[in-house]
Every structure is written in C-alpha cells, then in structure tokens.
Amino acid sequence: MRRWLFLVSLGTGLCTGCARPSTSEPSQLPLATRAPGPTAVLPIARPSASIESADRSQAAVFPPPVVAVASEASTPAPELSRQQIEERLLAGTLGCLSVGKPNGGALVNGVQLTRSDYFEPVDPKSSWGTDETLAYLEAAARKVHEAFPNSPRLWVGDISREQGGRLSPHRSHQSGRDVDIGYFYEQPGAWYRRATPSNLDLPRTWAFVRALVTETDVEMIFIDHTLSRALWRYAEDLGEDPAWLRRVFATGSGEQPLVRHARGHATHMHVRFRNPRAERLARQAYPVLVKHELVDKVQVYRYHRVQRGETLGKLAKRYGTTVRAIQRANGLRSNVIQAKQSYKIPTSAAPGTTDSVSLVPPRRLPPSEPPPRPAPNPPAAPPTPTPESP
Ligand SMILES: [Zn+2]
C-alpha cells in the first residue's frame, strides 16, 4: 500500500510557491471617475483595437444567461454508509478524494490534466487534480473559446502531484484544488512570462476569470493588483454590473473578494476551487483511508500567537499536548519562545471535526444570471471558527 504523510494546518498556511499574499491588498479600485455603467445588461464586448487584428477578429458576444453547467463532478457527494465507502474505495470506484486542506492534504484517485485544445500543462508530474477541479477548468476555458474562437492554449503550471501532499516550493497545491494558470497575452508567449496591463489580453482573460466566477465553485483567484485593476476597468467598460464587480474585486466590503492580490502573481494566476464532492467524500472516507493505510493519520495544527509571559509548558497544558510535541512541530531546540510570534500547536483533532470541509457558498453571480443550482448539503460538522488563509 502506498503511504504518504501529510499535515493539516489550521491558520496561516500560504501558497509560498506563488509567493505570500501581501497584507497590503488593494483597497477599492477607482470607480468614481467613470460614469456608472448600465445595470443588469448583458455584457457585449466591444472589440478594442488590440483584438481587431489577425486571429483576434471576433468580438466577444457573451451568450444569454444560462443556468451554469452543473457537471456531474460538481454534484453533491452521495450519502454513503461507512461500509459502502470502504467497498467502493477498495474496488476503486469511490472517485476523487480531496483530503485535508490545500496547505496540508492529499489527493486520492486524482485525474491528470493532459494537453488539449484548451490547456498546455507545463509538467505532467504535477498536473494532477480532482475531477471537479479539471471539470471547472474545462468549463471556464470552454467559455473563452466559445466567445473567442481560435484562442491559444493556456499554460497550466502546478496543480498537485498524483497523490497530492507537499509539492515544492509551494505550501498549498496539496489536495488537487489549486491550479497555477498562465494569462492570455496579446501575443502568446512562454509560461511564466510577466503580464502587464499593456500585454495582457484583457478580453480573453476577463472572459476566463468571469467564467471561473460564474461557472465554477472557485474559492479565490490570486492576481497581481496591477492586472486585476485593468481587468476590473475592462469589465466595467463592458457594462458588467458594478455591484457584482465589487463582490469579485473589492476588499473592505465585509466579504473577501474572489480576486485577490498576492505578490508573485503577475506571471500567472493561482486559482483555488472548492470541491463540494471530493472534499465531502474525503471527509467521510477519512477513517477508512487511515484504516487501510492509504494515508497516514493527519496531524492537525493550530496556530498560537505567544503573549508576554507564556511558556511552552503553559501552551502544552492549555492545548493538551506536550512541550516536546510543540518543539518538534516548530523545530525548536530549546524552551525559548518569543512573544508576538506564532507557533504551530499539534492537536489531536481529525480533519472534518475541528477542520470542517469548507462549506460551499452560493456562487456570486451577476444579477442577470439566475443561481445555477442549490448549494450542496452542508456537511454535518459546524464550520470551524479558525480563520483560513490561502
Ligand atoms: Zn500556486
């Protein structure tokens, strides 16, 4: 049996492979300088000078609002008994499992993204995801190709390894739900080429981002703020609903925007999907996975910011662990800890108890589009109050 070790972190895990998200996210982008666009009007892309030439001759005409495709992969996980899960797992018919979290998890029965009309994987070894993730990618790219025939392939960097787990140099990309994707450029270029507002193919890139938001259960998209500003302005000029655009791009409105700034994302965007089915199934199957040694028992961590006067002994007592375990988790060689520093605290929780599978919220759709489907049944456990960082 294959074994691999993975860790689940509660708290501050970040995709360092895509650089740390900056704490200085862009505040609201300038909107006041433009006249308000028409509301609830279907966006009809006006061909800009940049797309009138050569193969970019088709103006994007977005189709009328349709109920977003609820692919088979995005249907809620079935209610299965533990015995049914065990039988299907051992028979190889359970399907994809996204175990744990993106910054501490595993992928079971993953699917490999291969070269297609839409995508060009950079490294096949790290192009494994869940079927939901791959279906979402395909659905979003299909929208671009429908609106702009003859679109180039998008480069796809790392998703996950075949069995997930740590994928250097990233902290995330562990559970088949994170994808690094190149941008559409005015002149198609190499993977990891730096995008700027002037070389970015705004119509195609916006069509792709828009489809990620409307057609998939996207959790968040990291894009450099210079590019997201340009995309926001472009979308506004198309006549997209301003209030909806604020829900997609703006910080400070009480909910996290879907498109967020993170340093290092001018060369590619980092997309994280929620997987209503693969996450929920994985949580249901977790005891069976451990029993059959398909995954090692998950070590769940939480983070503690040390106050003046606290000691390792106090922390161990408070969290029901040992000084040695905290030392090991943090690579400490002595008892010295620093105030105002955060330390990893091992807990005995299993994934899905304190660390519940993310509830999949309703998609943020523009006002002209009806909700695609009811949100899947929420998992039984309450959502964790611990804030999650990407
Ligand atoms: Zn990434």
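Both backbone and side-chain heavy atoms feed into the values below; hydrogens, waters and symmetry mates do not. Just so you know, these numbers come straight off a predicted model, no measurement behind them. The first residue in the sequence is number 1, and the count goes up from there. Both ligands and their constituent atoms are indexed starting at 1 by order of listing.
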Proximal heteroatom of His270 relative to the Zn ion (ligand 1) (N/O/S): ND1

Aromatic ring proximity, centroids under 6.0 angstrom, His268 and Tyr192: yes

N, O or S of His173 under 2.8 Å from the Zn ion (ligand 1): yes

Between His265 and Phe222, ring centroids under 6.0 Å: yes

Under 2.8 Å: N/O/S of His268 next to the Zn ion (ligand 1): no

Distance, nearest 0.5 Å, that separates CH2 of Trp191 from CG of Leu154: 10.0 Å

Heavy-atom pair with the smallest gap, counting every atom of Phe249 and Pro257: C-CB, 3.6 Å

N, O or S from Asp180 under 2.8 Å to the Zn ion (ligand 1): yes

